[in-house]
Amino acid sequence: MKKPAKTREELESAIRLEMEDICEWPTGLAISVAPHEDSWKVVIMTDGPQDADRCDMIETIAERLRGQFDLKS
């Protein structure tokens, strides 16, 4: 069964909204959704040192969303 597709912006927004429900979003943190093989991945960018806990939370959310949605091309 084919998964529904979302745009890059929709997926980024969904990840950000879920993270904001868990904790405050740091000002120096940005994410981007990019195609990866036959799916997609989240790229985490930060101005300072990476917060491993937040990165793990973002990756966990992205993994769950990858199981639910494809990236609209």
Side-chain angles (χ1 to χ4, degrees):
M1 188 167 147
K2 189 171 169 123
K3 296 181 276 189
K6 290 195 175 272
T7 65
R8 178 179 311 203
E9 293 81 12
E10 289 172 322
L11 291 167
E12 291 167 359
S13 178
I15 293 167
R16 181 181 280 274
L17 284 173
E18 282 197 42
M19 276 297 293
E20 287 174 350
D21 284 345
I22 298 168
C23 61
E24 187 174 325
W25 189 267
T27 55
L29 184 70
I31 60 169
S32 178
V33 168
H36 180 70
E37 297 174 0
D38 61 347
S39 187
W40 57 272
K41 67 178 181 175
V42 64
V43 179
I44 303 167
M45 299 157 286
T46 184
D47 286 345
Q50 281 204 348
D51 180 334
D53 290 336
R54 279 198 172 95
C55 290
D56 289 345
M57 286 187 275
I58 291 169
E59 291 291 349
T60 299
I61 292 167
E63 182 65 32
R64 186 176 46 72
L65 291 175
R66 262 193 298 280
Q68 297 174 6
F69 302 104
D70 285 328
L71 177 61
K72 193 181 286 186
S73 38

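No hydrogens, no waters, no symmetry mates; every other heavy atom, side chains included, goes into these values. Numbers here simply count residues along the sequence, with the first being 1.
The side chain to side chain contact (heavy atoms under 4.5 Å, CB included) search around Ser13 returns Leu17, not counting sequence neighbours.
Heavy-atom minimum distance, Met45 versus Ile31: CE-C, 3.9 Å. Across all their heavy atoms, Val43 and Ala34 have their closest contact at CG2-CB, 4.5 Å. Annotation for Gln50 and Cys55: closest pair OE1-SG, 3.5 Å, computed over non-hydrogen atoms. The shortest heavy-atom contact between Lys3 and Asp70 is CE-OD1, 3.1 Å. Annotation for Pro35 and Arg8: closest pair CD-NH2, 3.7 Å, computed over non-hydrogen atoms.
Side-chain contact between Val42 and Ile61: absent, with no pair of heavy atoms (C-beta onward) separated by less than 4.5 Å. Using a 4.5 Å heavy-atom cutoff, the side chains of Ile44 and Glu59 are in contact. Using a 4.5 Å heavy-atom cutoff, the side chains of Leu65 and Glu18 are in contact.
Ile22 and Trp25 fall within the same hydrophobic cluster, where Ile, Leu, Val, Met, Phe, Trp and Tyr residues are linked whenever their side-chain heavy atoms come under 4.5 Å apart, directly or through other members.
Rounded to the nearest 0.5 angstrom, Met57 CE and Ile15 CD1 are separated by 13.5 Å. Atom CG in Leu29 sits 8.5 Å away from atom CG in Asp51 (nearest 0.5 Å). Between the CE atom of Met19 and the CZ atom of Arg54 there is a distance of 6.0 Å, given to the nearest 0.5 Å.
With hydrogens and angles disregarded, a donor-acceptor distance shorter than 3.5 Å links the side chain of Arg66 to the backbone of Trp40.
More than 12 heavy atoms of other residues, nucleotides or ligands sit less than 6.0 Å from atom CD of Gln68.
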